[in-house]
Amino acid sequence: MDELPDQLVWEILSRIKKTNDRNSLSLASKHFNELDNEQRQSIRIGCGLDPANEALTSLCNRFPNLAKVEITYSGWMSKLGKQLDDQGLLVLSNCCPSLTNLTLSYCTFITDVGLRYLASCSKLSALKLNFTPRITGCGILSLVVGCRNLNLLHLIRCLNVTSVEWLEYLGKLETLEDLSIKNCRAIGEGDLIKLGPGWKKLKRLQFEVDANYRYMKVYDRLAVDRWQKQCIPCEDMLELSLVNCIISPGRGLACVLGKCENLEKIQLDMCVGVMDSDIIALARRSSNLRFISLRVPSDFSLPLLMNNPLRLTDESLKAVAQNCSMLESVRISFSDGEFPSFSSFSLTGMLSLIQMCPVRELALDHVYSFNDVGMEALCSAQYLETLELVRCQEISDEGLQLVGQFPRLCILRLSKCLGISDEGLKPLVGSFKLELLAVEDCPQISERGIQGAAKSFSFRQDLSWMY
């Protein structure tokens with residue numbers, strides 16, 4: 001084995017993806033061990049690293065070409081030893097000259113000092129921070145000033161990041177392509193304007209506000225006018241995900257929705273203030289749209305404005321159907337407080353998407369307007385391959401029995417549906433039309449009832465959600 005050419009060994013190592021397998025192979029011979037150490041480009045470490053700083057130093061010396069490092073302390077307790085601290089990040093900056101991708105999760109001992117050490121990592125292009133509570137906006141600013149090639153930045157539950165000067169600096173660099181800000185309490189929708197010219201390079205934006213805590217910033221009139229007057233160049237945006245956001249007519253994120261020409265994926269989850277005009281403008285500009293997910297707030301969670309209703313209607317769905325001819329995946333959901341009589345979308349609006357677009361995946365959650373008539377209409381859905389129904393209580397066994405007539409359906413997922421039973425699945429038994437049938441928490445469907453209804457199946461029943 002030691003006589004194998006280095007290039008052949010490298011090819012073998014590159015095909016082995018599991019860390020345990022690579023570790024075992026490196027023990028087969030000294031030659032393999034040396035080449036593996038030289039080629040290893042990524043590691044994932046955490047609670048087992050003790051003493052943390054010394055162990056990391058040893059790993060960095062053993063693997064000199066590390067490019068991707070993930071440090072996670074999920075589930076950490078004090079009895080597991082001290083976490084990696086700022087000195088550990090100093091080790092990374094000194095011993096990993098090829099570092100390009102770094103993830104820090106639940107690293108509660110790391111502060112702004114550690115991020116300043118990382119500023120010397122000139123090749124760093126991707127940084128993900130997940131629950132690093134001692135890091136502030138000053139630390140992030142010092143890092144982005146030093147790491148001028150940063151094109152991916154994810155901040156999740158960074159509770160002490162209150163200033164956003166770092167966002168303005170990144171905007172001036174115009175290098176950022178992927179930005180994700182989730183549940184960072186002090187960062188609001190209005191702060192995104194600071195990105196400025198950086199919008200033109202942005203391809204993926206995820207912005208999620210903590211639903212249980214909203215930091216009420218006061219934006220002066222000048223900040224509001226900046227959204228209206230500044231041209232937000234979003235031509236390169238491919239994916240946009242907004243969760244629990246407030247969309248103000250004519251400004252803020254509403255300006256972004258109407259300017260994404262190449263958007264392929266859009267998710268609007270519990271976003272208050274989204275209007276038909278926003279979705280219509282989006283549909284007219286985004287002809288390449290392939291995925292849309294809408295989770296609509298309950299009417300009872302919105303202010304009652306009779307002259308200016310905030311809920312979406314069929315006009316939005318019809319605009320998407322008419323303009324987005326490449327749409328393949330549709331997900332529509334209503335919040336738990338939604339009542340049948342107040343449903344924003346009718347059956348006609350939803351079916352327009354199926355009839356006019358090559359929809360391969362359809363997921364409906366808590367959609368009361370979708371019933372057996374809708375199931376009958378899906379019998380002519382020529383492209384539909386995956387159907388997911390969650391809490392769709394108007395569907396009965398009569399509608400479920402039509403699944404066997406869906407032309408290309410191969411995956412069916414049913415969850416928390418009260419109106420269907422084993423009787424509805426009987427036509428599928430023995431047909432093996434479906435590749436996969438997944439049933440969860442449907443009280444009238446038994447594990448015995450799904451036997452033979454698909455080539456493979458999964459079953460789970462926990463009825464606590466009903467009580």
Side-chain angles (χ1 to χ4, degrees), residues 238 262-267 279-280 282-284 286-294 312-333 343-390 392 394-415 417 419-420 424-439 450 452-457:
L238 299 177
N262 295 300
L263 199 65
E264 296 180 358
K265 184 176 181 179
I266 176 75
Q267 177 188 7
I279 302 298
I280 292 172
L282 171 73
R284 289 174 176 172
S286 304
S287 58
N288 294 331
L289 196 67
R290 297 178 181 274
F291 174 95
I292 185 169
S293 176
L294 301 174
L312 297 174
T313 70
D314 286 345
E315 295 302 315
S316 295
L317 300 185
K318 291 177 181 178
V320 173
Q322 292 169 1
N323 295 279
C324 305
S325 59
M326 302 173 68
L327 190 66
E328 294 181 341
S329 181
V330 176
R331 305 185 73 88
I332 297 176
S333 174
S343 182
S344 297
F345 304 130
S346 72
L347 180 60
T348 302
M350 288 182 284
L351 291 180
S352 66
L353 294 172
I354 302 296
Q355 294 164 353
M356 301 178 69
C357 303
V359 176
R360 300 180 184 276
E361 178 185 11
L362 176 64
L364 303 175
D365 184 350
H366 220 267
V367 181
Y368 284 103
S369 56
F370 193 83
N371 51 27
D372 291 345
V373 177
M375 294 291 283
E376 184 177 358
L378 292 184
C379 291
S380 60
Q382 297 297 320
Y383 300 95
L384 189 64
E385 297 175 354
T386 301
L387 177 63
E388 181 176 350
L389 302 173
V390 181
C392 293
E394 297 300 307
I395 297 176
S396 69
D397 286 336
E398 185 177 346
L400 186 59
Q401 289 173 353
L402 297 171
V403 167
Q405 301 178 35
F406 294 2
R408 299 181 62 179
L409 192 73
C410 55
I411 298 175
L412 176 63
R413 294 187 174 94
L414 304 171
S415 178
C417 294
I420 56 179
L425 294 173
K426 279 187 176 180
L428 292 173
V429 176
S431 68
F432 296 105
K433 171 184 173 61
L434 298 178
E435 294 289 336
L436 171 65
L437 172 62
V439 178
I450 66 174
K455 295 178 182 177
S456 64
F457 63 88

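We use all heavy atoms of the structure for the numbers below, so side chains are in, but hydrogens, waters and symmetry mates are not. Computed from a predicted model, the values in this text were never measured in an experiment.
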With no hydrogens and no angle check, is any side-chain donor or acceptor of [X] less than 3.5 Å from a backbone partner on [Y]?
X: Lys433; Y: Val403; result: no
X: Thr313; Y: Glu315; result: yes
X: Ser456; Y: Glu435; result: yes
X: Ser380; Y: Ala377; result: yes
X: Ser316; Y: Leu312; result: no
X: Asp372; Y: Ile395; result: no

Do the side chains of [Y] and [X] get nearer than 4.5 Å, heavy atoms only?
X: Val320; Y: Arg284; answer: no
X: Met356; Y: Gln322; answer: yes
X: Leu378; Y: Leu362; answer: yes
X: Arg331; Y: Glu388; answer: yes
X: Leu428; Y: Gln401; answer: no

Side chain to side chain contact (heavy atoms under 4.5 Å, CB included) between Leu364 and Val390: does it pass, once the steps are laid out?
-> CA-CA 6 Å; Leu364 303 175; Val390 181; over 6 Å; no
Report the distance from atom [atom1] of [X] to atom [atom2] of [Y], rounding to the nearest 0.5 Å.
X: Glu394; Y: Cys417; atom1: CD; atom2: SG; result: 11.0 Å
X: Ser286; Y: Leu327; atom1: OG; atom2: CG; result: 11.5 Å
X: Gln267; Y: Phe291; atom1: CD; atom2: CZ; result: 6.5 Å
X: Ser287; Y: Asn262; atom1: OG; atom2: CG; result: 8.0 Å
X: Ile280; Y: Asn323; atom1: CD1; atom2: CG; result: 9.5 Å
X: Ile411; Y: Glu385; atom1: CD1; atom2: CD; result: 8.0 Å

Specify the closest pair of heavy atoms between [X] and [Y], including all atoms of both residues, with the distance to one decimal.
X: Gly374; Y: Leu351; result: O-CD2, 4.3 Å
X: Ala321; Y: Leu353; result: N-CD2, 3.8 Å
X: Ile266; Y: Leu263; result: CB-CD2, 3.9 Å
X: Pro407; Y: Cys379; result: CD-O, 3.4 Å
X: Asp314; Y: Phe345; result: OD1-CA, 3.4 Å
X: Arg413; Y: Thr386; result: NH1-CG2, 3.8 Å

Tell me, with the steps shown, if Leu400 and Leu414 meet side chain to side chain contact (heavy atoms under 4.5 Å, CB included).
-> CA-CA 10 Å; Leu400 186 59; Leu414 304 171; 4.1 Å; yes
Over 12 foreign heavy atoms within 6.0 Å of CZ, Arg408 | yes
Determine, step by step, whether Val359 and Tyr383 satisfy the side chain to side chain contact (heavy atoms under 4.5 Å, CB included) criterion, reporting the C-alpha distance in whole Å, the side-chain angles of both residues, the deciding distance to 0.1 Å, and the verdict.
-> CA-CA 6 Å; Val359 176; Tyr383 300 95; 5.9 Å; no
Test log, rule side chain to side chain contact (heavy atoms under 4.5 Å, CB included), inputs Leu409 and Leu434 = CA-CA 7 Å; Leu409 192 73; Leu434 298 178; 4.1 Å; yes
Take Glu361 and Ser329 through the test side chain to side chain donor-acceptor pair (under 3.5 Å) and record every step on the way to the result.
-> CA-CA 5 Å; Glu361 178 185 11; Ser329 181; 2.9 Å; yes
Is Lys455 close enough and on-axis enough to Phe432, meaning under 6.0 Å and within 45°, for cation-pi?
-> no
